[in-house]
Number of protein chains: 2
Amino acid sequence: MKLILIDDDQLVVSALKMILEALPDLTVAATANDGSEALRLYKEHRPDVLLMDIRMEKTDGLEAAAQVLSQFPDARILLLTTFSDDEYIIKALRLGAKGYLLKQDYQNIAPAVRAVFSGQTVFGDEITSRIPELMAQAPSGFDYEAHGISERELEVIRLTAEGLSNREIASRLYLSEGTVRNYLSSILDKLELRDRTQLAVFYLRKQGGFL
Amino acid sequence: MKLILIDDDQLVVSALKMILEALPDLTVAATANDGSEALRLYKEHRPDVLLMDIRMEKTDGLEAAAQVLSQFPDARILLLTTFSDDEYIIKALRLGAKGYLLKQDYQNIAPAVRAVFSGQTVFGDEITSRIPELMAQAPSGFDYEAHGISERELEVIRLTAEGLSNREIASRLYLSEGTVRNYLSSILDKLELRDRTQLAVFYLRKQGGFL
DNA sequence: CAAGCCTCATGACAAATGTCATTATCTTCT
DNA sequence: AGAAGATAATGACATTTGTCATGAGGCTTG
């Protein structure tokens with residue numbers, strides 16, 4: 001079973017490599033110290049499992065995982081973390097990472113690698129158990145009212161983030177198209193954005209991208 | 001502890017009411033048979049916990065929950081389901097529902113209500129355990145190549161979803177602005193979308209809203 | 001080699017978008 | 001009563017965006 005290891009900390013890489021290569025069925029094909037290497041190495045080695053730290057200096061594990069998955073949707077990626085970084089858990093899940101576990105559990109890493117290889121998804125119990133709270137807290141987070149956004153303006157934002165045109169928004173809210181343009185303009189000004197697309201992106205990111 | 005019960009099926013409502021009112025500390029303040037009643041009843045009775053079926057004829061439990069939560073963000077809502085409706089689980093989580101469990105577990109309903117009341121979040125084991133797969137299946141899933149989207153086009157999509165203008169995309173990819181416009185036009189045609197904002201929304205929804 | 005893609009480019013054009021100035025009504029708070 | 005703010009509208013304007021026609025060069029595959 002061919003692996004790639006990526007971790008900021010060369011010590012961790014070495015330690016993991018030693019632990020994993022002690023097992024006859026596991027081979028570490030390559031290692032790196034930053035997520036920016038991930039895609040290149042993946043392309044080159046086509047590993048069975050990619051083991052990667054989630055927090056890294058330049059390109060973090062999530063972004064690297066996104067890059068790899070965009071080209072290899074079936075990539076089996078197991079993300080490691082020192083201590084459960086709440087913010088990352090959900091993103092890792094959504095991304096389609098096949099596993100997420102604590103580095104501390106070093107005795108569990110090899111079994112987890114095998115499980116992921118065989119198609120299973122591995123999320124430590126400490127992690128799955130807190131998903132509900134994390135999910136519930138994540139989506140909110142931006143206080144539009146605090147930024148001087150009025151109720152009506154918020155409606156315009158929501159519809160913009162649905163991909164509607166000014167004309168369509170106007171007709172939905174029974175306004176003139178010009179008025180909608182004015183609202184948009186004022187919103188963009190208040191949120192320091194430049195156009196409706198940036199607004200949609202902004203809103204979806206804050207909201208968590210759904211509904 | 002004051003409750004409101006909402007379920008499509010009057011039989012279920014009656015049964016639950018009987019079970020719950022048998023307990024001295026629980027009172028069913030009101031019941032209804034459709035989610036459209038939820039907000040009105042909530043306003044009127046201010047229950048400690050709102051128990052609601054997730055699948056209902058007119059207005060489903062999710063939409064009703066969203067309505068209630070938008071006005072009462074601290075509402076404790078426990079959603080019920082007959083059999084784990086995969087698609088609903090994630091939405092319920094994101095919405096901030098405090099609980100989600102199977103009706104079959106009728107012996108667990110009362111304890112769950114008490115747990116939710118005391119501030120806990122209650123998601124049945126069968127549910128939490130499958131969250132990873134659900135999360136992973138939802139976000140990815142769109143095959144751009146199958147829709148005739150080329151590699152270069154995908155890059156344009158990604159940058160568009162960052163909120164960049166044509167000019168900015170052009171400069172990032174070392175292309176002329178016109179070329180970017182052409183790519184955009186072809187992409188919109190292939191994905192049957194109308195403008196860059198719809199494209200950004202589409203992409204973020206498929207990808208899970210980050211990066 | 002020819003057909004078919006992907007890449008990249010131009011120019012022209014219509015439509016949508018965002019900005020600005022200005023006006024008006026209504027409510028709320030002081 | 002007056003100030004402030006939200007709501008709604010208009011017209012004018014420059015810019016951006018999306019479409020279309022057209023063409024060139026490159027790579028791959030039958």
Side-chain angles (χ1 to χ4, degrees), chain A residues 39 43-44 67 70-73 142-206, chain B residues 70-71 142-206:
Chain A
L39 185 55
K43 267 185 187 156
E44 196 181 323
Q67 284 171 17
S70 76
Q71 290 201 35
F72 305 94
F142 189 79
D143 191 347
Y144 290 92
E145 278 153 69
H147 281 68
I149 303 292
S150 75
E151 198 48 53
R152 204 60 164 158
E153 285 171 332
L154 233 181
E155 296 185 69
V156 172
I157 294 178
R158 287 199 203 97
L159 295 174
T160 302
E162 296 284 321
L164 302 200
S165 69
N166 288 332
R167 197 192 305 272
E168 288 167 327
I169 294 172
S171 119
R172 285 262 198 117
L173 300 180
Y174 304 104
L175 295 174
S176 83
E177 197 188 320
T179 302
V180 174
R181 275 210 288 268
N182 289 335
Y183 276 128
L184 231 310
S185 190
S186 132
I187 290 163
L188 295 176
D189 186 46
K190 286 172 188 169
L191 298 179
E192 295 178 276
L193 300 170
R194 262 203 340 267
D195 56 50
R196 65 199 304 100
T197 306
Q198 292 195 337
L199 176 61
V201 171
F202 177 85
Y203 179 79
L204 291 179
R205 288 221 210 286
K206 297 295 172 191
Chain B
S70 75
Q71 291 202 33
F142 190 79
D143 192 346
Y144 289 92
E145 278 154 69
H147 281 69
I149 304 290
S150 75
E151 198 48 52
R152 203 62 165 155
E153 286 171 331
L154 233 182
E155 297 186 67
V156 173
I157 294 178
R158 287 198 203 97
L159 295 174
T160 303
E162 296 284 321
L164 302 200
S165 69
N166 288 334
R167 195 193 306 273
E168 288 167 326
I169 294 172
S171 118
R172 284 260 198 119
L173 300 180
Y174 303 104
L175 295 174
S176 84
E177 197 188 319
T179 302
V180 174
R181 274 211 288 269
N182 288 336
Y183 277 128
L184 230 310
S185 189
S186 133
I187 289 162
L188 295 177
D189 185 46
K190 286 172 187 169
L191 297 179
E192 295 177 278
L193 299 169
R194 267 207 332 271
D195 55 51
R196 65 199 306 99
T197 306
Q198 291 195 338
L199 175 61
V201 171
F202 177 85
Y203 179 81
L204 291 179
R205 287 223 209 284
K206 297 294 173 194

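For the atom pair CG of A:Leu184 and CG of A:Asp195, the computed distance is 9.5 Å after rounding to the nearest 0.5 Å. Of the inter-residue distances, the one linking A:Ile157 atom CD1 with A:Ser150 atom OG reads 8.5 Å to the nearest 0.5 angstrom.
Heavy-atom minimum distance, B:Ile169 versus B:Leu164: CG1-CB, 3.7 Å. Residue A:Asn166 comes nearest to A:Arg196 through the heavy atom pair OD1-NH1, 3.0 Å, listed as atom of the first residue, atom of the second, then distance.
Distances shorter than 4.0 Å separate none of the side-chain N or O atoms of A:Ser165 from OP1 or OP2 on C:dA16. The shortest distance between the side-chain N/O atoms of B:Ser176 and the OP1/OP2 oxygens of C:dC8 is not below 4.0 Å.
The closest side-chain heavy-atom distance from A:Val156 to A:Ile187 is below 4.5 Å. By the 4.5 Å heavy-atom criterion applied to side chains, B:Ile149 and B:Leu191 are counted as neighbours. In this structure, B:Phe202 and B:Leu193 have side chains that are in contact, with non-hydrogen atoms separated by less than 4.5 Å.
Atom C1' of nucleotide D:dT7 and atom CG of A:Leu175 are separated by 9 Å, given to the nearest angstrom. In this entry the distance linking CG of A:Leu164 with P of C:dT17 reads 10 Å, nearest Å. For the pair A:Ile187 CD1 and C:dC20 C1', the computed distance is 17 Å after rounding to whole Å. Rounding to whole angstrom units, CD of residue A:Gln198 and C1' of C:dG18 are separated by 13 Å. We find that CD of B:Glu177 is positioned 13 Å from C1' of C:dG11, with the value rounded to whole Å. If you measure from atom CD of A:Glu151 to atom P of D:dG5, you get 18 Å, rounded to the nearest angstrom. Regarding B:Glu153, its CD atom lies at a distance of 7 Å from the P atom of C:dC6, rounded to whole Å. Computed from coordinates, the B:Ile149 CD1 to C:dT7 P distance equals 11 Å when rounded to whole Å.
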- Would you please test B:Glu168 and A:Arg194 for salt bridge (charged side-chain N to carboxylate O under 4.0 Å, His left out) and show each step? CA-CA 12 Å; B:Glu168 288 167 326; A:Arg194 262 203 340 267; 3.0 Å; yes

- Which is it for A:Arg152 and A:Glu155 under the salt bridge (charged side-chain N to carboxylate O under 4.0 Å, His left out) test, yes or no, and what are the steps along the way? CA-CA 5 Å; A:Arg152 204 60 164 158; A:Glu155 296 185 69; 3.2 Å; yes

Between protein and nucleotides 18-28 of chain D, what N or O pairs are separated by less than 3.5 Å?
residue : atom : partner  : partner atom : Å
D:dG18  : OP1  : B:Arg196 : N            : 2.5
D:dG18  : OP2  : B:Arg196 : NH1          : 2.6
D:dG18  : N7   : B:Arg181 : NE           : 3.4
D:dT19  : OP2  : B:Ser185 : OG           : 2.6
D:dC20  : N4   : B:Asn182 : OD1          : 3.0

- Letter per nucleotide, 5' to 3', of nucleotides 24-30 of chain C [B base touched, S only sugar-phosphate touched, - untouched; heavy atoms, 4.0 Å]: -------

